[in-house]
Amino acid sequence: MDLSLTGKIAVVGGASQGIGYAIAHLLASEGASVAMVARKEEPLNEACARIAAETGAKTFAIPADIRKGADCERIISQALDEFERIDILINNDGAPPLGELESFDDVAWQKAIEQNLMSVVRLCRGALPSMKQQGWGRIVNITALSAIQPIARFGLSVATWAGVLGYAKTLSLEIAAQGVTINTICPGRIATGRLATVFGNGTPGQLEQEQLAQITKLIPMGRVGEPNEIAGLVAFLCSPWGAYMTGTVQHVDGGRLGSLI
Ligand SMILES: NC(=O)c1ccc[n+]([C@@H]2O[C@H](COP(=O)([O-])OP(=O)(O)OC[C@H]3O[C@@H](n4cnc5c(N)ncnc54)[C@H](OP(=O)(O)O)[C@@H]3O)[C@@H](O)[C@H]2O)c1
């Protein structure tokens with residue numbers, strides 16, 4: 001299947017590891033040039049160099065914290081300075097802390113809103129003029145299954161990503177006629193460092209067999225997903241094969257969602 005991504009320009013968030021890295025790698029493998037964003041400069045530079053070496057694609061590191069408005073503006077301006085346009089925007093990063101909703105004060109809520117919702121608002125607002133000018137663009141948001149099937153203690157993410165779902169659906173109506181699509185992916189459990197941090201002992205990459213068994217027994221497929229299984233859907237949505245899909249919410253979860261839609 002030709003995904004026709006050769007020559008496309010992508011901005012990928014949270015691209016130094018995990019799901020974002022897999023997305024950046026796959027888009028680059030398919031011929032896109034990729035601006036990669038994360039906070040820590042060294043791992044980001046290493047990831048950027050590795051993808052360039054393995055795919056032959058042009059990659060460009062933009063160290064930034066997407067919780068900050070000024071950083072979001074800089075991500076867009078640096079990507080435009082480097083590549084002159086933006087075709088694809090992947091909104092992906094970390095997530096706010098877990099805990100019972102009553103335990104969070106206004107500061108924690110504000111940080112969660114900046115991280116999960118305002119980063120999407122700001123990066124879309126920054127990238128859209130370039131996409132609209134060309135009459136072509138693809139935006140994909142990475143949230144979580146918990147945004148559509150809430151889990152206790154994940155409330156900061158559930159509430160703020162619910163805002164992203166509403167934002168994306170509304171935006172899809174406003175930009176559809178200009179050739180720009182926006183879709184949201186809700187991953188289930190995916191094998192990344194984050195999975196071990198959230199469900200293990202807090203040490204990335206250190207998930208015990210017993211902890212893994214607890215997680216997988218709730219997944220009909222009996223296994224956690226691979227980052228590439230999210231990246232594959234992203235690439236499809238960015239390709240001509242996904243051109244008629246917009247405003248959708250896709251769960252990629254090994255069958256875990258407990259409802260009809
Ligand atoms: N793994 C799962 O099972 C799973 C399931 C459902 C949803 N998700 C969601 O999918 C997204 C990616 O998860 P993952 O498992 O790939 O996580 P991960 O392995 O921890 O990677 C997160 C990436 O985001 C970057 N990042 C974190 N905070 C950032 C910030 N404020 N500004 C810029 N970059 C930031 C990290 O680099 P720096 O730390 O250097 O910034 C890293 O590159 C998260 O939103 C997560 O909640 C994951």
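Being a predicted model, the structure only gives us computed values, none of them experimental. First listed ligand is number 1; within each ligand, the first listed atom is number 1.
Atom CG of D106 has 12 or fewer heavy atoms from other residues, nucleotides or ligands within 6.0 Å. When the shell of 6.0 Å around CE of M245 is examined, it contains more than 12 heavy atoms from other residues, nucleotides or ligands.
Among residue pairs with one or both ends in residues 75-84, those qualifying as side chain to side chain donor-acceptor pair (under 3.5 Å) are K58-E82, R74-Q78; sequence neighbours excluded. Applying the side chain to side chain donor-acceptor pair (under 3.5 Å) test to residues at least two apart or on different chains, the pairs with a partner in residues 29-46 are H25-S29.
Legend: residues meeting salt bridge (charged side-chain N to carboxylate O under 4.0 Å, His left out) with R67, ordered by chain and number and at least two apart, are D65.
Taking 4.0 Å as the cut-off between side-chain N and carboxylate O, E174 and K132 do not count as a salt-bridged pair.
Protein residues having at least one heavy atom under 4.0 Å from any atom of ligand 1 are G14, A15, S16, Q17, G18, I19, A38, R39, K40, A64, D65, I66, R67, N92, D93, G94, A95, Q115, I142, T143, A144, W161, P187, G188, R189, I190, T192, R194, L195, listed by chain and number.
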